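Remember, predicted model here, so these are calculated numbers, not experimental data. Every number for a ligand or one of its atoms is a count from 1 in the order of the listing.
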Amino acid sequence: MKIEQAKFFREYLDTAANMYRLGWDERNGGNLSLLLDVDPAKFGLKCKRVLSLGFDASELAGRSLLVTGTGKYFKNVKEDPANNVGVIRITADGKNAELLYGYEDGGRPTSELPAHLMSHISRLRVDPENRVILHCHPTHLLAMTFVHDLDEKKFSHTLWETCTECMVVFPEGVGVLPWMLCGTNEIGEATAKKLAEFRVVVWALHGIYGAGKTLDEAFGLVETVEKAAQLYLLTAHLPRKNTISDDNLKEIAEAFGVKYRADFLN
Ligand code: 13P
Ligand code: ZN
């Protein structure tokens with residue numbers, strides 16, 4: 001079987017297409033990585049090139065990932081995976097990655113590869129089943145970071161009180177980073193640190209990172225945060241007559257049996 005026919009590969013392409021459809025990934029905005037549970041050799045793939053990483057990814061030594069290419073348009077990912085995505089395997093010393101599939105036009109992995117690999121390492125330490133790191137630029141969330149306090153407690157509380165489901169979907173709240181230069185090891189380290197505590201990290205004035213055991217889980221997290229941000233923007237300038245109270249939030253958490261950040265309530 002060709003790797004393009006594998007279920008995980010098709011799901012990955014569908015996720016990228018949905019991210020584009022929802023307007024989260026203009027031009028080359030955003031990137032998506034999936035840790036593979038199968039050995040790519042099973043699909044007859046061999047090393048085509050060696051790519052230097054520029055940081056230590058030895059905790060992922062021998063692991064393979066599907067990851068979008070830098071500068072590649074999400075619009076084109078599903079139709080032309082061979083040019084727009086790659087399968088890389090981290091070498092035993094954690095310093096390089098072997099390219100096994102894709103980037104056929106000479107491309108490279110996303111410029112956010114440090115953030116993706118560091119985030120995978122960080123999530124795997126707290127959840128060995130984590131497989132997905134997803135980064136994108138959802139419109140309403142991005143807009144919200146221009147007008148809302150960037151304090152994590154306040155930001156999480158606003159999202160929770162905007163939409164009943166939020167407490168169920170991200171009871172740990174969301175991490176928030178101030179504006180930082182993207183594509184660097186520094187933003188990668190900061191994101192990975194936050195992802196030890198949260199599955200969602202907001203990059204102020206830039207976008208969002210979501211993590212999950214599955215593509216659906218990571219996608220659904222970002223989708224829910226984006227919906228809450230949209231509702232916030234639709235209502236923030238209007239007189240508020242009703243709200244989801246802290247007592248309501250506690251009631252939701254208890255009813256759904258989720259462990260939530262109690263210190264994020266008022
Ligand atoms: P890449 O094209 O390198 O993946 O970068 C897109 C992006 O969103 C940077 O944060
Ligand atoms: Zn980005």
Side-chain angles (χ1 to χ4, degrees), residues 12-13 15-35 49 51-55 57 65-88 90 97 99 101-120 122 132-146 150 174-195 198-212 215 218-219 221-223 225-226 229:
Y12 178 95
L13 297 184
T15 303
N18 277 321
M19 289 166 71
Y20 178 69
R21 179 178 60 81
L22 292 171
W24 300 352
D25 299 277
E26 74 292 342
R27 200 175 185 275
N28 64 308
N31 16 81
L32 176 63
S33 65
L34 169 70
L35 259 184
R49 275 191 264 153
L51 311 161
S52 146
L53 293 177
F55 59 94
L65 301 100
L66 242 176
V67 58
T68 44
T70 185
K72 300 301 184 187
Y73 289 29
F74 262 67
K75 172 173 83 65
N76 301 333
V77 167
K78 190 170 176 179
E79 286 305 310
D80 185 12
N83 279 314
N84 293 291
V85 307
V87 174
I88 59 169
I90 310 304
L99 177 63
Y101 166 92
Y103 309 145
E104 274 183 6
D105 55 4
R108 282 185 54 85
T110 172
S111 59
E112 304 294 3
L113 195 64
H116 279 257
L117 297 187
M118 291 176 193
S119 295
H120 277 290
S122 171
V132 179
I133 300 293
L134 181 161
H135 165 61
C136 58
H137 307 159
T139 311
H140 300 93
L141 174 80
L142 197 35
M144 182 172 165
T145 67
F146 284 86
L150 295 176
V174 300
V176 182
L177 286 178
W179 184 90
M180 291 177 76
L181 184 63
C182 55
T184 61
N185 287 354
E186 289 71 27
I187 201 168
E189 282 154 14
T191 307
K193 201 166 158 214
K194 291 278 178 207
L195 281 169
F198 306 99
R199 289 165 301 148
V200 171
V201 178
V202 175
W203 278 9
L205 321 179
H206 182 140
I208 192 168
Y209 267 72
L215 288 157
F219 182 88
L221 266 172
V222 171
E223 197 177 25
V225 170
E226 169 63 355

Closest contact, heavy atoms only, Gly210 versus Val222: CA-CG2, 4.2 Å
Shortest reach to atom 10 (O) of ligand 1 by a heavy atom, considering only His116, Glu112, His137, Arg27: Glu112
Candidate pair Thr191 and Trp203, rule side chain to side chain donor-acceptor pair (under 3.5 Å), full reasoning: CA-CA 9 Å; Thr191 307; Trp203 278 9; 3.0 Å; yes
Is it the case that the side chain of [X] and the backbone of [Y] share a donor-acceptor pair, with hydrogens and angles ignored and the cut-off at 3.5 Å?
X      : Y      : answer
His135 : Ile208 : yes
Asp80  : Asn76  : no
Ser119 : Ala115 : yes

Polar atom proximity, Gly30 to ligand 1 (N or O, under 3.5 Å): yes
Close N or O approach (Gly29, ligand 1; < 3.5 Å): no
Proximity of Thr70 to ligand 1 by residue part, where a heavy atom lies under 4.0 Å: both
Contact with ligand 1 for Gly71, non-hydrogen, under 4.0 angstrom: yes
Protein contact of atom 6 (C) of ligand 1 - nearest heavy atom, named by residue and atom, plus distance: Asn28 O, 3.3 Å
Protein residue, atom and distance nearest to atom 4 (O) of ligand 1, heavy-atom basis: Thr110 OG1, 2.7 Å
Under 2.8 Å: N/O/S of Cys136 next to the Zn ion (ligand 2): no
Residues, nucleotides or ligands: over 12 heavy atoms within 6.0 Å of Tyr101 OH: yes
Angle at the Zn ion (ligand 2) (to 10°), with one arm to NE2 of His135 and the other to NE2 of His206: 100°
Please could you name the atoms of ligand 1 that [X] approaches to less than 4.0 Å, counting only its heavy atoms?
X      : answer
Asn31  : 1 (P), 4 (O), 5 (O), 6 (C), 7 (C), 8 (O)
His206 : 10 (O)
His135 : 8 (O), 10 (O)

Matching residue for Glu112 among Leu117, Thr70, Ile187 - test: side-chain contact (heavy atoms from CB on, under 4.5 Å): Ile187
Carboxylate-amine/guanidinium proximity below 4.0 Å for Asp25 and Lys72: no
